[in-house]
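As the structure is a prediction and not an experimental result, all values here were calculated from the model.
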Amino acid sequence: SRADQDRDTAVADLDEQLEHYVSQLRDLEEQRDRLEIEDYERQKALCETRAARLLREREAVEAGRGANSTASVSERRRQQ
């Protein structure tokens, strides 16, 4: 159905965004020794916070909660 396709698309978009933050965390870990500790911790916390938010949203979309779940994915992509 169209709703299932929309949900699948939204989950794929969220997965892509999540992978971006996981990749950033890996890169950040590789650069750890070259960064000031405050910068490292700030960037790590930011990536972890965003990744956690994406995971929660992905779970909500998969569960079909919230009629605006798929719309919020598109809106957030425009904001980034």
Does S23 reach the main-chain N or O of E19 with its side chain, forming a donor-acceptor pair under 3.5 Å?
-> no
Are Y21 and L55 connected in a single hydrophobic cluster, I mean Ile/Leu/Val/Met/Phe/Trp/Tyr linked by side-chain heavy atoms less than 4.5 Å apart?
-> yes
When rounded to the nearest 0.5 angstrom, what is the spacing between CD in E48 and CD in Q43?
-> 12.0 Å
Using a 4.5 Å cut-off on heavy atoms from C-beta on, say whether the side chain of [Y] contacts that of [X].
| X | Y | value |
| --- | --- | --- |
| Q31 | Y40 | no |
| L18 | L14 | no |
| E41 | I37 | yes |

Heavy-atom pair with the smallest gap, counting every atom of R7 and G64 = NH1-CA, 4.2 Å
If you take all heavy atoms of K44 and L28, which pair is closest and at what distance?
-> N-CD2, 3.3 Å
Excluding sequence neighbours, so at least two apart, what forms salt bridge (Lys or Arg N to Asp or Glu O under 4.0 Å) with D39?
-> R42
Decide, yes or no, whether a salt bridge links E29 with R32 under the criterion of side-chain N to carboxylate O below 4.0 Å.
-> yes
Got a salt bridge between R58 and E62, using NZ or NE/NH1/NH2 to carboxylate O under 4.0 Å?
-> yes
